[in-house]
Amino acid sequence: MDHDSRFLPVESPDPVAREQFADAAAAVARLTELYDIAAGFLLEKFTAALDGAMPKARYRAFYPEVRLTTTSHSKTDSRLSFGHVAIPGSYAATITRPDLFGRYLREQIGLLMRNHGVPVSVGFGETPMPVHFAVSTLSNLNVPQEGVLDFSLRDVFDVPDLNTVNDDIVNGVAGRQPDGSDWLAPFTAQRVDYSLARLSHYTATLPDHFQNFVLFTNYQFYVDEFEAFARRVLADPAQGYTGFVAPGNQVIDTPEGAIALLSKMPQMPAYHLKRADGNGITLVNIGVGPSNAKTATDHIAVLRPHAWLMVGHCAGLRNSQSLGDFVLAHAYLREDHVLDDDLPVWVPIPALAEVQVALEEAVAEVTQLQGYELKRIMRTGTVATIDNRNWELRDTPVHRLSLSRAIALDMESATIAANGFRFRVPYGTLLCVSDKPLHGELKLPGMATDFYRTQVASHLLIGIRAMEKLRAMPLERIHSRKLRSFSETAFL
């Protein structure tokens, strides 16, 4: 553009008066209306710019916002870990994609109204909506890179702002908002939109398909078994599952549905066994290493799942273990290093009783072993997670592993558990021993025997059964107070 963008007039959607709502569904409907106004405005202006119309203004739209103001110290149920604020004040959250988060928002806003007896107000907030996120949601257009257009994108539209695309709220360092209000939700709208975009990129499935219960694995065999399980349950409508989604957003709703193998698989392919209420099961193959484990959980966390579990392979560290045995983690030795700046290693990662019980009961049901007999094939103890895939080639840290009482070693479990702790997502780990490097049993190609495949099938089924047990619990029981800090957001 041949004129200074600093002097362009700013155009925005027509102002909308803030309204109060005593009904959660009505509040969410209003949030949806405001979001559509803002995103639709940006899409219209962006499309016009792509068609060659030189922008004559700077176009700006804002995320909708929900706000709660309470003036009294309400006495809330002390057993609850969410759904209320601790002290009187004003609390606000910017909202994105209310179509995707509608059930979650109705639930969280409804709890606030019920626990505090006050309405919420809904209107446009003061956080600009980046054009990238508006366009990607409402169209198949792509925002071109800087230099492709005849004008600078930043001169005309708002772009993502790293001042709001961060984890300051969940990390406990955010302080108050510029207007003095406190945070109502664990993520800002821009942070959520950023992760929704990354999820599509990394998993090759839309975030709309993700379910509330997430399994992580580091081995392809689990994916094959998950698809086979999905086809079995789709044959039985009584199971309550409505469809299966594979990378590329390929959806089948019958056992015979065809799924094509993509010519180029994503970095962390995701598979979704869906239920109408969103309480199905998602499986993500994160591959090997703590970096992928952190990346996946960083982004899935914004969807506010009810639990995530690691069901993968590990090195057994005890001579008494056999290949195919299970390891139920109740503590973690964190040497993955990817979360050190967000969650120091001196922070303990507690085992969550509800998850531990669900996993142990699931192992007993699938293996048909009870009590003392269960110890033949499963050990409970510390899992060490490291960031060096070839740790065996260095001076083996036997003494350190022995001091920690570690019984297994992998490269993902502590990362997933620690990020669950950080993001207040209930977590757990059940691993399967695939090799015993300290005792000369190495993982070699010939070890993929029928026995090994059988253990993978049993292992995945245990993870699924544990998720079904957690799904049957009330939300207030799953979401443990262990995960809540001194000062918490009211939204889960």
Side-chain angles (χ1 to χ4, degrees), residues 12-41 61-129 164 169-170 174-193 277-278 302-304 424 474-476 479 481 484 487-492:
S12 296
D14 293 335
V16 176
R18 181 174 288 272
E19 293 186 47
Q20 288 198 328
F21 293 89
D23 176 76
V28 175
R30 185 58 166 164
L31 287 167
T32 303
E33 180 182 357
L34 296 181
Y35 178 85
D36 290 344
I37 290 173
F41 171 83
F62 298 89
Y63 284 108
E65 174 193 80
V66 59
R67 183 176 292 265
L68 171 84
T69 301
T70 176
T71 58
S72 66
H73 287 271
S74 303
K75 179 62 177 177
T76 55
D77 188 339
S78 63
R79 296 169 297 179
L80 292 175
S81 67
F82 61 96
H84 56 85
V85 296
I87 59 176
S90 184
Y91 300 79
T94 50
I95 302 298
T96 188
R97 293 293 308 277
D99 61 315
L100 176 60
F101 292 98
R103 186 181 294 109
Y104 166 81
L105 290 170
R106 287 189 291 272
E107 176 185 81
Q108 301 303 309
I109 294 172
L111 281 171
L112 282 176
M113 292 177 175
R114 187 158 61 249
N115 287 327
H116 293 283
V118 296
V120 298
S121 68
V122 173
F124 281 121
E126 297 182 357
T127 301
M129 181 183 293
T164 56
I169 304 173
V170 291
R176 291 186 178 274
Q177 302 194 50
D179 66 357
S181 60
D182 215 330
W183 304 95
L184 191 58
F187 300 103
T188 63
Q190 280 204 29
R191 169 67 169 85
V192 173
D193 269 339
D277 59 2
V302 305
L303 298 173
R304 308 317 292 146
R424 287 75 163 170
L475 282 188
E476 60 269 20
H479 290 275
R481 290 176 295 178
R484 313 296 277 183
S487 178
E488 279 293 330
T489 61
F491 283 12
L492 267 181

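Computed from a predicted model, the values in this text were never measured in an experiment.
The salt bridge (Lys or Arg N to Asp or Glu O under 4.0 Å) contacts involving residues 22-32 comprise Glu19-Arg30, Arg30-Glu33, where partners must be two or more places apart or lie in separate chains. Counting only residues at least two apart or in different chains, salt bridge (Lys or Arg N to Asp or Glu O under 4.0 Å) contacts with residues 181-191 comprise Asp167-Arg191, Arg176-Asp182. Sorted by first and then second residue, the salt bridge (Lys or Arg N to Asp or Glu O under 4.0 Å) pairs with a member in residues 98-121 read Arg97-Asp99; sequence neighbours excluded.
With sequence neighbours excluded, the residues that form a ring pair (Phe, Tyr, Trp, His ring centres under 6.0 Å) with Phe187 are Phe423. Residues forming a side chain to side chain contact (heavy atoms under 4.5 Å, CB included) with Ala92 (at least two apart in sequence, or on another chain): Glu65, Arg67, Gln177, Ser181. For the side chain to side chain contact (heavy atoms under 4.5 Å, CB included) test, residues two or more places apart in sequence or in another chain that qualify with Ser12 are Val10, Arg60, Phe62. Residues passing the salt bridge (charged side-chain N to carboxylate O under 4.0 Å, His left out) test with Arg484 are Glu488, sequence neighbours excluded. Scanning for side chain to side chain contact (heavy atoms under 4.5 Å, CB included) contacts around Ala189 gives Tyr63, Thr94, Thr96, with sequence neighbours left out. Not a single salt bridge (charged side-chain N to carboxylate O under 4.0 Å, His left out) links Arg304 to another residue, sequence neighbours left out. Residues satisfying the side chain to side chain donor-acceptor pair (under 3.5 Å) criterion with Gln190, sequence neighbours excluded, are Thr164. When the side chain to side chain donor-acceptor pair (under 3.5 Å) test is applied to Thr32, no partner is found at least two apart in sequence or on another chain. Remark: Ala38 engages Ala61, Phe124, Met129 in a side chain to side chain contact (heavy atoms under 4.5 Å, CB included) (not counting sequence neighbours).
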*Please step through side chain to side chain contact (heavy atoms under 4.5 Å, CB included) for the pair Tyr35 and Ile95, ending with a clear verdict.*
CA-CA 8 Å; Tyr35 178 85; Ile95 302 298; over 6 Å; no
*Quick one: do Phe101 and Val192 satisfy side chain to side chain contact (heavy atoms under 4.5 Å, CB included)? Show the steps, please.*
CA-CA 11 Å; Phe101 292 98; Val192 173; 3.7 Å; yes
*Evaluate the criterion side chain to side chain contact (heavy atoms under 4.5 Å, CB included) for residue pair Arg424 and His479; output intermediate values, then yes/no.*
CA-CA 8 Å; Arg424 287 75 163 170; His479 290 275; over 6 Å; no
_Set out, in order, the CA-CA distance, both residues' side-chain angles and the distance that settles side chain to side chain contact (heavy atoms under 4.5 Å, CB included) for Leu303 and Leu100, then state yes or no._
CA-CA 9 Å; Leu303 298 173; Leu100 176 60; 4.2 Å; yes
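Side-chain contact between Thr70 and Ile87: absent, with no pair of heavy atoms (C-beta onward) separated by less than 4.5 Å. Side-chain contact between Tyr91 and Thr69 is absent, with no heavy-atom pair separated by less than 4.5 Å. Counting heavy atoms from C-beta outward, Val28 and Ile109 have side chains that approach closer than 4.5 Å.
The two residues Val120 and Met113 make their nearest non-hydrogen contact at CG2-CE, 3.5 Å. Of all the heavy atoms in Phe82 and Ala490, the pair that sits closest is CB-O, 3.6 Å. Closest approach of Pro186 to Ile169, counting heavy atoms only: O-CB, 3.4 Å. Across all their heavy atoms, Pro64 and Leu34 have their closest contact at CB-CB, 3.8 Å. Leu112 and Phe491 get closest at one heavy-atom pair: CD1-CE1, 3.6 Å.
To the nearest 0.5 Å, the span separating OG on Ser121 from CZ on Arg18 amounts to 4.0 Å. Atom CG of Leu475 and atom CG of Leu492 lie 7.0 Å apart (nearest 0.5 Å).
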